[in-house]
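Have a look at the structure below before the remarks.
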Amino acid sequence: MSEVQTQIEITMAKTSEPNLLGLDRSGLETFFDSIGEKKFRATQVMKWIHQLGVVDFQEMNNLSKDLRDRLSEVSSIQNLHVAKDLLSKDGTRKWLLQLPDGNHIEAVFIPEDDRGTLCVSSQVGCALDCSFCSTGRQGFNRNLTTAEIISQVWLAAHLLEEEKKLCPGMDGSSAMQEQLPTGRKITNVVMMGMGEPLLNFDNVVSAMRIMMDDFAYGLSKRRVTVSTAGVVPAMDRLGDVLDMRLAVSLHATNDELRNELVPVNKKYPLKELMAACRRFMDKQNSRSRITFEYVLLDGVNDKPEHARELIKLLKGIPTLMNLIPFNPFEGSGYKTSSKQAVARFSEILHHAGMTTVVRKTRGEDIDAACGQLAGKIEDKSRRHRRFEKPRFGMEQ
Ligand code: SAH
């Protein structure tokens, strides 16, 4: 048998058994039931994997030796491979992760004074083709499995914990402490990495259940956010099955412009999207707001009249407005709005009583923006681009 063949067979053997990392509570209960074990094993194993970071069944010492051996035979716990681990000057940390099929995805940890946010990917590439998005340029490859989504959280939690051991200065006083302040913990997760989470619905929902499970990461529903470009039927389904925060990538205030920037708008135009947002709010138990994301593109959507249109459009929807400075990448054809344009835009929204945050650009030195690093890797390996030209004649 050739080496390649053996490799393929090993991979297939491994993938046919369940990867317990990717099973939520009910999935684990079904699994234990199927091997003739009691359901409470699910919470025991969940705790070992997600809270204690243990991935070797033999270390799970509240399970009998027989059960540990059995689990090693019929299941596995497999994380993604860390291909790159980058730390920015501003403390942002980014991981380039390799999937078993050789594809790459990214996860980014963004520390702030009062929180630590992990930005998680849901797909390899993206089908939605938003004109200013670097992931969109890579085209769509495939959905991530639940295990591949939650592995990003597991690895980030684990590697952040390791920082303490690697940098003794963090607990004492040294230059290192300034760079890596203590308390670098994941307090929030945003599904804002590569891909459209609502087009990988089941796996994303399962992964979020694990994030919010008290026997796993125990994040509250206010601290887990799904970001969508506006896949209306899936927004309705999501509201039915889960209570968490929703972010909607708006970026334009009329259908003509939004059709260009966020082409899924042609299928679900603004009127339908706004109605879906209202329905979503009605279903949520907690009276939280919807976050709207708006990337400011110089001369495209950053004029005072756009701000005024935005106020009209969102009237009656409890809103947290996130203004995002465009993160430029080679060949995008767009430019970042000037500081004055951003200030003027946010001022108009503030004035109308809208809670508005201008997001800071983080981790620029490590290509921390969505899809940028994986994009470079894929470019190098494939040497092709889906789009050759800047679009919409934006190059100046
Ligand atoms: N598909 C989902 C989530 C992934 S993108 C969505 O559209 O919401 C997460 C956010 O980053 C989105 O608001 C997206 O529009 C924004 N984004 C994408 N490319 C960007 C860029 N080059 N600069 C700034 N923000 C960008």
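Position 1 is the first residue of the sequence; numbering continues from there. When a ligand or atom number is given, it counts from 1 through the structure's own listing order.
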If we only consider heavy atoms of P328, is any one of them less than 4.0 Å away from an atom in ligand 1? no
Considering only heavy atoms, does [X] approach ligand 1 within less than 4.0 Å through its side chain, its backbone, both, or neither?
X    : value
H251 : side chain
E196 : both
V295 : side chain
T228 : backbone

Any side-chain donor paired with an acceptor under 3.5 Å for [X] and [Y]?
X    : Y    : answer
T291 : N322 : no
N143 : N203 : no
S122 : N200 : no
S337 : D298 : no
S131 : E260 : no
Q58  : D69  : yes

Check each of [options] against [atom] and report the one with the nearest heavy atom.
atom                    : options          : value
atom 10 (C) of ligand 1 : M194, R137, E293 : E293
atom 6 (C) of ligand 1  : S249, C119, P325 : S249
atom 4 (C) of ligand 1  : A229, G193, S227 : G193
atom 3 (C) of ligand 1  : G230, S121, G195 : G195

Does the ring centre of H251 sit less than 6.0 Å away from the ring centre of F132? yes
Salt bridge (charged side-chain N to carboxylate O under 4.0 Å, His left out) pairs touching residues 206-218, sequence neighbours excluded, are R25-D213
Here the atoms of ligand 1 under 4.0 Å from any heavy atom belonging to C133 are 18 (C), 19 (N)
Using a strict cut-off of 4.0 Å, indicate which atoms of ligand 1 neighbour a heavy atom of F132. 15 (O), 17 (N), 18 (C), 19 (N), 20 (C), 21 (C), 22 (N)
N/O of N327 under 3.5 Å from N/O of ligand 1, yes or no? yes
Please indicate whether any nitrogen or oxygen in F326 is less than 3.5 Å from any nitrogen or oxygen in ligand 1. no
For H350, I'd like to know if atom NE2 has over 12 heavy atoms of other residues, nucleotides or ligands within 6.0 Å. yes
